[in-house]
Amino acid sequence: MLHPLTLIVVLPLLGFVLNGGFGNRLGNRFVTVVGCGLPIVSFLLTIKCFLDLQAGGAPLIEAAYTWASIGGRTFDISLYFDRLSAVMALIVTGVGSVIHVYSTGYMHDDKSYPRFFAYLNLFLFFMLTLVLGRSLLVLFVGWEGVGLASYLLIGFWFEDPVNARAGKKAFVTNRIGDAGFLLGMFLLYWAFGTLDMDKINAAFAHGPVTIVSASLAGILLFIGATGKSAQIPLHVWLPDAMAGPTPVSALIHAATMVTAGVYLVARMSGLYLQAPEASAVITVIGAATALFAATIALVQTDIKKVLAYSTVSQLGFMFVALGVGAYGVGIFHVYTHAFFKACLFLGAGSVIHALSGEQDIRKMGGLARRIPITFWTFAIATAAIAGIPPLAGFWSKDEILWNAFASSSGGSTALWAVMAATALMTAFYMFRLLWLVFLTPSRMEPEAEHHVHESPLSMTGVLMILAVLSALGGFVSLPHFLEPLLPMAKTPEALHHYEMPLLILSVAIAAAGLIGAWLIFGKGLERANGLAARFASVHRLLFNKYFVDEIYERFLGAPLTWISDTVFLRFGDRFLLDGTLNGMARLAQRTAGALSRVQAGSLHRYAFFVLVGSIACVVWSFRHG
Amino acid sequence: MSGEAILIAMMPEHLLLAGIVFLIVLEIAGSTRGSQLLSVAVVAAAAAIAAMLHLQGYSAAPFAGQFSVGPGPFLAKAVVLALAVPVLLMARDDFADDGPFYPLLLSSLYGFCLMMSADSFLTLFLGLEIMSVPVYVMVLLAFRRPESVEAALKYLVLGGTATALFLMGISLFYGGKGTLALSAFTSALSSTDPMATTAVVLVLVAFFLKAAIVPFHAWAPDAYEGASIPVTAFMATVVKAGVVLAALRLFGTAPVSPLTIDLLAILPLVSIVWGNLTAMRQTSFRRMIAYSSIAHAGYLFYAFLGAGPGRFQAVVFYLIAYALMNLLAFASIPSGKDDTARDNLDSMKGLFHRSPYAALMIGMAMLSLAGIPPFPGFVAKFLIFKNVMAAGFTLYAVLGLVGSYLGIYFYLRVIQFMFMTPAAQPAAAAERESGHLALSAGAICLVGTVLVAVFPGWVMSLL
Amino acid sequence: MDKLQFLVFVSVALFALGLLGVIVRRNLLVMLMCMELMLNGVNLSLVSFAQQTGTASGAVLVFLIFVVAAAEIAVAIPIVLLLVRRKRTLETDAYSDLKG
Amino acid sequence: MEALLQNLDTLLVYVFGVAALVAGALMIVLRHPMQVAMALISAMVFLGGVYGLLGVHFIAAFQVLIYVGAVMVFMVYAIMLLDVRDKSYTQRFSRFLVLGIAGAVIFVGVLVYGFAHGQHASARASVSFGLQQFASAFLNEYWLHFELTSVLLVAAVVAAMAVIRGSKRHG
């Protein structure tokens with residue numbers, strides 16, 4: 001009899017085996033039932049476990065078996081289900097299930113339908129392994145596994161050689177992250193003799209330990225997290241990973257896998273509480289990522305790229321929360337973000353589907369009436385991510401801003417200012433997207449315009465579910481639910497009277513973003529044309545508009561564009577990151593070249609090496625004589 | 001020295017010899033049907049393994065001071081013979097019309113078995129030679145390319161040099177101790193007498209030469225590249241295992257002495273770094289594996305630094321993991337237009353889109369060789385480094401770990417080629433699926449891999 | 001220098017000469033003969049030590065070395081024949097296509 | 001007279017030893033492979049003489065029979081068969097000549113140092129063993145190795161045959 005937790009993890013694997021092994025023979029109906037059914041069963045089981053957890057209180061632990069026993073220390077494969085992993089598992093199986101359902105519509109005509117579902121199930125299996133694993137080792141298996149599934153799914157449409165470079169980038173950056181992760185893992189194992197995360201946290205529970213530097217271990221693990229969660233400087237892979245099918249982007253690159261780094265840090269919160277330096281690093285990296293990804297998102301024209309950079313930016317928000325010690329808040333944002341970002345991506349998928357593959361927002365517009373369900377769900381999710389109350393994103397983002405301001409472990413006004421500016425930009429570029437795609441007059445190609453159609457129910461239904469969750473999800477007070485596990489960040493009493501003004505301010509910021517976007521993009525891209533036409537009718541208003549336009553162009557738009565394009569994209573990515581990587585690769589290659597020149601093929605030379613080596617060894621040995 | 005003990009204790013050797021003789025008879029009788037020869041060879045190896053499983057726990061010394069068996073030798077023999085079976089299977093496609101290949105391979109295995117039971121340098125030396133001499137020729141069989149003869153020559157000359165150095169060491173040891181018993185050598189390891197240390201060092205150098213440790217490695221890349229794929233697999237797995245296990249027999253369970261520490265730490269460390277670095281630039285898969293095997297020889301000799309009792313377990317486990325991965329990769333390479341094209345790393349580009357199974361197998365092998373958890377290579381490396389640390393050589397362990405990171409690059413490069421690089425069209429066109437025997441060899445390795453990956457604890461408990 | 005020391009010196013010197021031959025002589029056949037010389041050097045010291053210690057095992061090893069030397073030559077000469085057939089030269093450095 | 005004979009024995013050992021060394025050195029120097037082969041044969045014969053003088057007559061006999069009689073004859077045949085006057089003939093030495101000689105000298109020095117400063121097994125020179133002792137030891141204690149050499153030879157023969165046959169087929 002399999003235990004429920006094991007079953008949760010194993011069912012998607014079963015789906016992978018069935019769909020991968022027999023899918024082609026048994027037909028798409030079978031694939032649909034297996035591919036969607038098993039994740040849903042997993043989801044139901046997760047709910048059951050969650051209820052058990054609530055009833056019992058103590059974390060559920062299931063030991064599958066002892067993987068290896070080396071020198072008296074054992075590596076157990078066991079699953080661990082506490083409030084944190086419960087939340088993550090619910091997100092993964094829940095959002096995962098609905099995205100599976102969505103995919104039945106989206107991938108309907110693809111010839112590799114069974115393979116697609118097999119990979120999706122495989123991804124789910126690894127993701128659940130990651131979330132439910134008790135030890136870092138099991139987590140690492142899932143960690144690598146989701147990476148593998150992600151490559152398989154990006155590679156799904158990978159005949160295009162241009163995308164090959166993107167795949168390589170993802171691969172290399174993730175390996176750098178893994179190296180850090182592995183080193184941190186070894187360090188912790190060396191220090192504590194166990195990789196079970198609850199035990200490591202417990203070891204840190206009574207203040208700093210002397211046996212190992214918590215900050216070093218914390219930073220090493222965080223390097224792993226930067227790789228998976230696309231933080232500076234390892235963020236470059238995520239926007240390029242959008243080459244895969246859109247449901248994949250939604251599931252992997254927005255809702256679940258990329259939050260693995262956040263989960264890791266939250267899971268190891270015991271360690272990070274004792275590692276102020278590591279936490280400071282996390283804060284700085286998170287804030288920088290959030291800010292700069294938002295500036296890039298301002299000027300992107302590919303709908304999926306905008307969402308991708310927005311994901312990077314939101315992940316930065318989460319890391320800021322973790323960095324200032326508000327672990328529960330970080331997870332809260334993971335949770336709300338999963339809903340609205342999945343909704344946005346799937347909505348984008350629906351748009352792309354409707355436009356037969358068009359992704360350029362300059363060639364969209366006026367879709368609100370043509371695909372109303374997609375529009376309304378997309379609008380709700382946009383409002384949610386922008387932080388319009390009372391939608392989900394508002395609550396989690398406001399909590400992050402508050403902690404960034406007030407937390408006694410790393411919060412400051414400057415940090416708040418950066419995050420608030422980022423939030424403003426978030427609202428701005430998201431509404432810009434909304435207007436350019438749905439509300440402005442159509443700029444579609446006539447050919448594409450002709451084919452515009454609303455997506456089938458399997459897709460729109462999912463959008464509606466996610467939109468509802470994006471709207472209402474914020475009313476669950478997740479940080480309080482997680483408090484027994486992840487303590488709240490301490491905030492000085494003196495600052496508490498700022499809480500209300502800041503809340504109002506963050507509403508104002510969201511509103512400002514909305515209004516700014518409306519002013520500039522409310523009528524479409526052809527500002528000059530629009531201006532000229534309206535010059536006669538409403539002079540003053542128009543003047544104002546012109547004024548705003550000018551300001552935007554001169555003082556905000558142009559510099560921001562310049563910064564995002566030149567400083568971050570060109571210099572940061574291509575020069576620093578690619579440059580360093582290539583430089584290291586070149587150095588290694590050169591060394592390797594020098595070493596292989598030693599291998600000149602001449603037998604005389606090889607024999608001479610033997611002579612020299614033997615002499616050296618014998619002479620060396622005389623030292624001990 | 002009863003006849004019965006000779007019969008039973010040497011059963012694996014006898015069975016292999018019977019196989020050799022039978023194959024030669026078939027050869028003389030003019031039967032060159034490849035499948036027939038193959039099945040005889042496989043049956044001989046399998047029978048030897050079965051005999052050893054049956055004789056579990058048996059120990060005897062039919063020739064006192066020369067040849068003895070016990071659980072340890074039986075285990076080592078069984079493991080390595082089992083690794084030879086996939087080699088035999090995957091050799092079918094390449095050596096269908098090379099009758100002598102099979103008796104040569106069995107002879108080599110015979111020599112290996114002798115070494116594992118050797119109690120004196122006489123037996124050990126003979127075993128080493130019986131293992132090596134056939135391989136010199138196996139390298140050039142199936143002459144697909146002119147280079148293979150060159151490879152055989154290089155291997156032969158440097159192998160002969162290794163033999164001579166080995167003998168010089170033995171001779172000095174003999175002059176010092178007046179005996180050729182291995183047990184006396186084990187005690188000489190900690191001697192500080194210049195003559196004994198010279199002898200020890202020369203013997204060790206000979207083993208380094210045979211196992212391809214820098215700076216005695218130079219023959220390996222050339223020989224591996226020149227040989228055909230099954231023979232490369234054989235050299236990289238069985239022969240390497242033989243050399244390392246024989247060296248282990250010399251060291252016994254004695255703790256390392258100051259004399260050997262330096263040699264066992266520095267040269268293997270240099271090998272790890274050198275092998276991993278040089279492998280980065282290779283365009284031939286076999287040559288890459290050769291450099292990787294130089295690095296892996298480094299890890300294997302690193303294991304000698306660990307405390308005596310755990311050494312055998314760590315080495316054998318590492319060998320199993322390492323050999324399974326190499327064999328899995330070699331068995332999965334699709335056969336190309338010719339041996340060179342098959343071997344070229346460029347022909348692996350986009351392999352995943354052409355034959356996903358092969359690509360996944362090779363990818364798994366690469367990840368495991370790179371030592372990424374949860375693949376067997378990780379546990380194996382972990383075991384070794386843990387022992388090295390426990391023995392107090394933390395610095396060496398850390399340096400070794402850092403060196404092993406260098407290797408990740410080129411293993412992942414293969415994966416990148418297979419999964420993320422568009423195919424070079426001409427290479428893809430000439431490709432055909434591997435024969436079903438090569439596939440079954442891959443399947444055997446896969447099953448072994450999964451066992452070792454999922455139940456490493458169980459495998460270790462057997463060792 | 002007593003007799004044993006002298007013989008061991010000769011033995012080591014012959015060994016080194018053999019190794020030197022492998023390193024410096026360009027002719028393949030000379031190289032092979034130099035390998036034989038190395039083994040001969042080892043044999044001399046083994047015989048001397050066997051005589052010195054009065055044990056038989058050294059002499060047995062010498063006997064084994066004879067056989068092994070014969071076996072190695074039996075394998076080596078056909079390989080050289082093959083090489084020469086391809087490139088018509090006995091020069092060792094002509095056979096350095098495998099490298100890098 | 002008796003003492004002189006004893007000394008003559010020792011003297012001859014020295015003479016033969018030096019002669020073997022000279023022959024070995026000639027091997028490095030001589031140009032034609034056939035001359036090298038002759039030098040090697042003389043080195044072997046001198047060594048055989050040393051073995052005989054040491055009282056290990058059977059090894060001396062084997063030395064002459066197996067080495068000179070079998071191995072070197074094979075070698076000489078090969079030399080005659082492959083009488084190629086190529087670059088290796090005009091230019092005898094590789095570029096490692098100087099380094100190699102230096103290395104070889106150091107190597108001898110190192111090994112001799114090791115030997116000279118080491119402990120030797122206790123001398124039991126009185127027990128000189130001849131053919132009889134060797135034969136009985138061989139057949140009682142070491143017959144395993146005797147049998148094993150046959151395995152080695154079988155493998156070598158199969159190997160040599162494989163090379164020849166393969167070369168015929170692949171031409």
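Every chain is numbered from 1 and lettered A, B, ... according to where its sequence line falls, protein lines coming before strand lines. A quick note: this is a predicted structure, and the numbers were derived from the prediction, not measured.
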Distance-minimising heavy-atom pair for Ala218(B) and Phe609(A)
CB-CD1, 4.3 Å

Where Pro215(B) and Gly613(A) come nearest, the two heavy atoms and their spacing
CG-CA, 4.1 Å

Between [X] and chain A, which part of the residue has a heavy atom less than 4.5 Å away: side chain, backbone, both or neither?
{"X": "Leu259(B)", "result": "both"}
{"X": "Phe375(B)", "result": "neither"}
{"X": "Ala453(B)", "result": "backbone"}
{"X": "Thr278(B)", "result": "both"}
{"X": "Leu367(B)", "result": "neither"}
{"X": "Arg287(B)", "result": "side chain"}
{"X": "Phe208(B)", "result": "neither"}
{"X": "Tyr405(B)", "result": "side chain"}
{"X": "Val459(B)", "result": "neither"}
{"X": "Leu406(B)", "result": "neither"}
{"X": "Leu204(B)", "result": "neither"}
{"X": "Phe385(B)", "result": "neither"}

[X] side, atom [atom1]; [Y] side, atom [atom2] - distance, nearest 0.5 Å:
{"X": "Thr161(B)", "Y": "Leu611(A)", "atom1": "OG1", "atom2": "CG", "value": "10.5 Å"}
{"X": "Ile372(B)", "Y": "Asp178(A)", "atom1": "CD1", "atom2": "CG", "value": "7.0 Å"}
{"X": "Met280(B)", "Y": "Arg590(A)", "atom1": "CE", "atom2": "CZ", "value": "14.0 Å"}
{"X": "Leu148(A)", "Y": "Met364(B)", "atom1": "CG", "atom2": "CE", "value": "11.5 Å"}
{"X": "Leu263(B)", "Y": "Cys617(A)", "atom1": "CG", "atom2": "SG", "value": "5.0 Å"}

Quick one: which of [options] has the most heavy-atom pairs under 4.5 Å with chain A, could you say?
{"options": "Leu267(B), Thr198(B), Val200(B), Leu401(B)", "result": "Thr198(B)"}
{"options": "Thr260(B), Ile408(B), Leu277(B), Asp262(B)", "result": "Asp262(B)"}
{"options": "Asn276(B), Val205(B), Val201(B), Val214(B)", "result": "Val201(B)"}
{"options": "Val454(B), Ile415(B), Leu209(B)", "result": "Val454(B)"}

Are there more than 12 heavy atoms of other residues, nucleotides or ligands under 6.0 Å from atom CZ of Phe22(A)?
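No, not enclosed.
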
Apply side-chain contact (heavy atoms from CB on, under 4.5 Å) to the pair Tyr606(A) and Val157(B), showing each step before the final yes or no.
CA-CA 10 Å; Tyr606(A) 299 173; Val157(B) 170; over 6 Å; no

Using heavy-atom distances under 4.5 Å, tell me whether Ser614(A) contacts chain B through its side chain, its backbone, both, or neither.
both

Give the member of Val610(A), Val619(A), Val612(A), Ile77(A) that has the highest number of heavy-atom pairs under 4.5 Å with chain B.
Val610(A)

On the 0 to 90° scale, with breaks at 30° and 60°, tag the Tyr189(A)-Phe382(B) ring pair as parallel, tilted or perpendicular.
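Geometry flag for Phe382(B) against Tyr189(A): perpendicular rings.
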
Would you please go through residues 126-135 of chain A and name the residues with a non-hydrogen atom below 4.5 Å from one of chain B, in numerical order?
none

Less than 6.0 Å separating the ring centroids of Phe140(A) and Phe378(B)?
no

Tell me, which pairs form a salt bridge (charged side-chain N to carboxylate O under 4.0 Å, His left out) where one or both residues lie in residues 149-169 of chain B, sequence neighbours left out?
Glu150(B)-Lys154(B), Lys154(B)-Asp222(B)

